[in-house]
Number of protein chains: 2
Amino acid sequence: MDASTQLSARAREIVDVAHALLEEEGADGLSTRRLADRVGIRAPSLYSHFANKQELEGALVSDGLRELGDRFEAAISGSDDPVVDVANAFRAFAQARPHLFRLMYRVPWHETQLDPEAELRTRRFIGQATGGDIVGARVFWSFCYGLCELELADRFPAGGPVVDELWSAGLSALKAAMPMSPPAA
Amino acid sequence: MDASTQLSARAREIVDVAHALLEEEGADGLSTRRLADRVGIRAPSLYSHFANKQELEGALVSDGLRELGDRFEAAISGSDDPVVDVANAFRAFAQARPHLFRLMYRVPWHETQLDPEAELRTRRFIGQATGGDIVGARVFWSFCYGLCELELADRFPAGGPVVDELWSAGLSALKAAMPMSPPAA
DNA sequence: GTCTATAGTGGGATAGAC
DNA sequence: GTCTATCCCACTATAGAC
């Protein structure tokens with residue numbers, strides 16, 4: 001089954017609680033006992049709804065991909081600088097849901113069941129923003145992901161340039177030098 | 001104490017075994033019990049040498065920073081394209097020590113004791129390669145880190161361009177568009 | 001279909017004896 | 001420094017109640 005396209009009402013409720021728990025306490029705080037406590041059941045009962053913890057995390061990540069897709073869609077519609085607007089949407093998502101963001105890119109995808117459609121959708125919007133240039137898309141993705149991850153990990157020492165400056169400098173440089181076609185008008 | 005500048009001979013031996021275990025079994029395989037087994041002692045005895053597991057990981061990461069610094073130094077000496085050569089050294093390190101690399105950028109530095117000198121040294125080489133341009137250095141770092149992390153996580157779907165192509169395209173674009181001074185001759 | 005109780009494995013960590 | 005013993009917590013599996 002694809003992890004959360006067809007969740008039962010009870011499973012959906014558990015995943016919603018897990019989202020709240022994740023944002024409040026981080027990935028380390030997302031334990032089966034704590035989650036079950038909040039839901040009002042015993043920890044082993046979670047395994048009636050999910051085969052294991054990875055499948056539950058897969059549902060969380062699939063939700064994250066869907067939300068990211070929504071943000072991309074909103075950023076792209078009517079934009080006259082889709083690459084920058086999609087990139088900004090990516091970083092805004094990372095800052096709005098830091099723990100979910102880190103979970104999305106830390107879990108080995110191949111070992112979990114994710115909603116494949118949600119993931120494809122984000123790729124389609126990125127491809128749309130970069131005019132179909134797959135090299136350009138992945139180079140942009142690498143920069144955006146790396147900066148967001150380092151920013152969340154507080155890896156840029158204080159006293160230096162503001163992260164916003166790094167962000168716009170990197171985006172401008174890549175946009176100027178990468179051979180990306182403009183989006184189809 | 002800075003985590004591994006002044007390790008006792010016994011602690012040094014334990015860390016060496018931990019390096020081997022980490023590379024063979026990954027971060028999840030690095031448990032205190034397994035490590036102790038390999039060393040030939042009981043798990044609680046590890047705590048005579050390290051306050052907790054984080055301090056032990058800090059020693060591993062400090063070693064990684066020192067090795068990375070060595071690689072940077074070798075890459076820079078006599079190079080006529082220091083930015084690219086340092087970047088290549090970074091990626092080569094990520095591929096040579098994938099589990100250590102991921103550990104270095106996953107552990108929250110502020111919560112561990114790392115060897116501050118080792119970290120400063122890597123920054124100095126990066127600064128040297130970018131001619132002191134701190135914005136350029138961090139933008140480069142973001143791209144290199146993001147691509148290496150995505151590559152190690154197998155996040156670039158097969159069938160697309162080879163990662164080497166993304167790597168050189170990104171480096172070329174950033175080098176062309178970022179206002180970095182050449183290194184002092 | 002959902003939940004409970006129970007038990008087993010394995011991880012990090014501490015206390016206290018030698 | 002090292003040991004034994006112990007604690008707490010996590011995930012997993014099974015059997016059975018409703």
* Asked: In whole angstrom, what separates B/Q54's CD from C/dA13's P?
  -> 8 Å

* Asked: Hey, is the side chain of B/R33 pairing donor to acceptor with the base of C/dG11 inside 3.5 Å?
  -> yes

* To do: Could you walk me through whether B/D115 and B/S62 pass the side-chain hydrogen bond (donor to acceptor under 3.5 Å, both in side chains) test, one step at a time?
  => CA-CA 6 Å; B/D115 180 358; B/S62 293; 5.5 Å; no

* Specify the separation, in whole Å, of atom NE2 of A/H49 and atom C1' of C/dC3. => 8 Å

* In whole angstrom, give the distance that lies between atom CG of B/N52 and atom C1' of C/dG11. => 14 Å

* Whole-Å distance between D/dC9 P and A/L46 CG? -> 17 Å

* SB check B/R121 B/E73 (cutoff 4.0 Å) -> yes

* **Sorted by number, the residues of residues 19-32 of chain B with heavy-atom contact under 4.0 Å to DNA chain C** => B/L30, B/S31, B/T32

* Asked: Out of C/dT4, D/dC9, D/dT2, which has the shortest distance to the side chain of A/I41?
  -> C/dT4

* Please tell me which of A/R34 and A/P44 maps to the more 5' nucleotide of DNA chain D, matching each residue to the nucleotide holding its nearest heavy atom. => A/R34

* **Check: A/F125 ring centroid to A/F90 ring centroid under 6.0 Å** => no

* Asked: Nearest 0.5 Å, what's the CG-CZ distance between B/L22 and B/R102?
  -> 11.5 Å

* Donor-acceptor contact below 3.5 Å, side chain A/S172 vs main chain A/A169 -> no

* Which whole-number value in Å describes the distance from B/Y47 OH to D/dC3 C1'? -> 16 Å

* Can we call the ring centroids of B/F140 and B/Y145 under 6.0 Å apart? -> no

* Asked: Taking CD from A/E57 and C1' from D/dA10, how many angstroms apart are they, rounded to a whole number?
  -> 13 Å

* N/O (side chain, B/S45) to phosphate O (OP1/OP2, D/dC3) under 4.0 Å -> yes

* Asked: So does B/R71 pair up with B/E67, basic N to acidic O under 4.0 Å?
  -> yes

* Whole-Å gap separating C1' (C/dA5) and CZ (A/R42) -> 10 Å

* To do: Mind calculating the distance between CD (B/E13) and C1' (D/dG1) to the nearest angstrom?
  => 13 Å

* Structure fact -> Among the nucleotides C/dG12, D/dC3, D/dC11, whichever has the atom closest to the side chain of B/K53 is C/dG12

* Polar pair under 3.5 Å, donor/acceptor by atom type, side chain B/R10, base D/dG1 -> no

